[in-house]
Amino acid sequence: MQFEIFTSSPARITVDCLVVGVHDGGELSAAAAAIDRQCNGALGRFLKRGDFPGRLAETLLLPAFPRLKATRLLLVGQGGKEVSRRSWRRALAAAVGALSRTKVASAAVALTRPEPRALDDYLFGRSAAETAHGALYRVNDLKSGTKAAAPALSRLVFGPVRPSGAAAARRGLVHGQASGQGARMMRDLANLPGNVCTPSYLAEQSTALAARFPSIRVRVLEEADIRAEKMGCFLAVTQGSDQPPKFIVIEYKASRGPRAPIVLVGKGITFDTGGISLKDPGAMDEMKFDMSGAAAVIATMSVVAELGLPLNVVGLVPTCENMPSGRAIKPGDIVTSAAGVTVEILNTDAEGRLILCDALHYARRFKPQAVVDLATLTGACVIALGMHHTGVMANDDDLARELVESGLRADDRAWQLPLTEEYGEQLKSNFADLANVAGRDGGAITAGAFLARFTKGLRWAHMDIAGSAYVGGGAKGSTGRPVALLTDFLLRRAASRR
Ligand code: BES
Ligand code: MN
Ligand code: ZN
């Protein structure tokens, strides 16, 4: 998909379709008024008839009006004249979705923009590209029969942007193009079923990144290597599965300057049955998404390499299945983590923290400037925040704030939960240094507190994406979150001289 910016009248651009924002009562966006003038007011006269009242995210495709080069006009409802970032995104997604169901190959999109305070020219470009990518995403289903033809759409021109803001908006388009492709990669990985997307598959896909980008190196630790690293907690989770576990190390090195890397750690449970503490069957299929953290890390590494950010980034992906079997761990089993901490596994369904604690310990060897882990870690986080915010917990409030702010800029929001020491005290065990669960109360935070025991001395944040990374129920699927947030975070770290 090719993205461009327009700075003068959209009526002058040679495209198949002009996309025009219409507000309640048939009022035109400012850029659309220019199109109306070009066709001698024919558009305005049409809207006066009241056939298209401009309700948010409604669309209507019309044949071209006189004196316009484009052969079609797409009207898009934008609701009231106060355009919020959210309503703008919804209108844009509806417009791109509608275009993708036609034969239109190129379009100029002239919607009313939110206030510059809410969305400056740079973020306008980035968010437009990300939103368009999101709206064009088609799930990689395994349905037999003929596939719907790929959309004809290949060029989108967004505006209006003042000439003085064009460079910023174009930079935004480049970043949004990369981040949008990253989100698509994450969604493709996470949507695959557990029998296809195995730990070995994730290792192969990571290795493919190294072939695509000379700046990326990938190493895959096999079971024997994982044993040599003494990752007793990770090995405990995988021991009930017939799929071999993998510990994937993805290293991105910028051409310039040796700098302490940022380490991203992603939970890669390719299927979570709960193990002997078996889950209810109801929505168990959704546990194929339990590798969303891993998918987000792999995808974000590709964004970093695509943009060639002046930053060193390491992606760590511990990946295995959580299965019940005659060899599986049992409630009460005690194992020793790579850090030497003994853990009593009271609930085999709290497996994410077990694979993450060994990966977080492994992160130390990189002497990182920051460590961020991403995990569909707890149902309790979904109860606390729903799907709208990712939960952030950290041992460093500045890092937590940085991530929350990146979420705001990227429109991929996150909310900090308090990780004070009381929560850690709930993880006491009679028989080991630590229990892996602490009851229902504050479940998202006690999971964070478990991880905090392994990150002392590191600047670390944990992002619980159980609610944000995928949608359950009817229209099931990965959302691609939080790739946009992470892209913003890494772009800002790359820009600051740390
Ligand atoms: N993968 C799940 C968390 C999850 C639940 C993600 C629902 C998305 C939707 C995790 O491994 C898990 O099972 N957590 C348990 C922890 C409990 C046993 C302390 C949970 O949340 O129930
Ligand atoms: Mn589980
Ligand atoms: Zn899990």
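Heavy-atom basis, side chains included; hydrogens, waters and symmetry copies ignored. Note that ligands are numbered from 1 as they come in the structure, with each ligand's atoms numbered from 1 the same way.
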Check your understanding: Going by the angle between their ring planes, with limits at 30° and 60°, are F124 and W88 parallel, tilted or perpendicular?
Key -> tilted

Taking 4.0 angstrom as the limit, do R86 and D411 come out as a salt bridge?
-> no

Checking distances from the Zn ion (ligand 3), one finds that the N, O or S atom of E351 closest to it is OE2

For the Mn ion (ligand 2), the nearest N/O/S atom on D272 is atom OD2

Examine I269 and say whether one of its N/O/S atoms is closer to the Zn ion (ligand 3) than 2.8 Å. no

ask   = Any N/O/S atom of D290 sitting less than 2.8 Å from the Zn ion (ligand 3), backbone or side chain?
value = yes

Per-atom filter on ligand 1: closer than 4.0 angstrom to a heavy atom of E351 are 11 (O)

From E351, does some N, O or S atom reach closer than 2.8 Å to the Mn ion (ligand 2)? yes

re atom 6 (C) of ligand 1, the protein heavy-atom contact at minimum distance is A466 CB, 3.7 Å

>> Can you tell whether the side chains of R409 and D120 come within less than 4.0 Å, N to carboxylate O?
In response: no

Nearest non-hydrogen protein atom to atom 12 (C) of ligand 1, with distance, is D349 O, 3.2 Å

Q) Hey, is R401 close enough to E405 for a salt bridge, meaning N to O under 4.0 Å? A) no

Going by the 4.0 angstrom heavy-atom rule, the piece of L377 near ligand 1 is backbone

query: Do T273 and N322 get their side chains close enough for a donor-acceptor pair, meaning under 3.5 Å?
result: no

> Would a search of protein heavy atoms around atom 22 (O) of ligand 1 find one under 4.0 Å away?
Replying inline: no

Per-atom filter on ligand 1: closer than 4.0 angstrom to a heavy atom of T376 are 1 (N), 2 (C), 3 (C), 6 (C)

| task | Using a strict 4.0 Å threshold on nitrogen-to-oxygen distance, state whether D290 and K267 make a salt bridge. | result | yes

Looking at D272, the N/O/S atom that lies nearest to the Zn ion (ligand 3) is called OD2

Under 4.0 Å from one or more heavy atoms of V437, ligand 1 contributes atoms 19 (C)

Problem - D488-S406 side chain donor-acceptor pair, cut-off 3.5 Å - result: yes

### Query
So is there a nitrogen or oxygen of D272 less than 3.5 Å from a nitrogen or oxygen in ligand 1?
yes

If you apply the rule side-chain hydrogen bond (donor to acceptor under 3.5 Å, both in side chains), what do you find for Q369 with N312, and how did you get there? CA-CA 10 Å; Q369 54 171 293; N312 296 327; over 6 Å; no

closest protein heavy atom to atom 8 (C) of ligand 1 is Y470 OH, 3.3 Å

Are D225 and R219 close enough for a salt bridge, meaning some N to O gap below 4.0 Å?
no

| field | Polar side chain donor-acceptor pair, Y137 to D188, under 3.5 angstrom | value | yes

Note: N347, heavy atoms under 4.0 Å from ligand 1, region reported as side chain

re atom 20 (C) of ligand 1, the protein heavy-atom contact at minimum distance is G379 N, 3.9 Å

min-distance protein heavy atom vs atom 16 (C) of ligand 1 -> R353 NH2, 3.8 Å

Between E402 and R459, is there a side-chain N and carboxylate O pair less than 4.0 Å apart?
-> no

Nearest non-hydrogen contact to atom 7 (C) of ligand 1 from the set M287, K279, K267 belongs to M287

Indicate, with yes or no, if the rings of F3 and H133 have centres closer together than 6.0 Å. yes

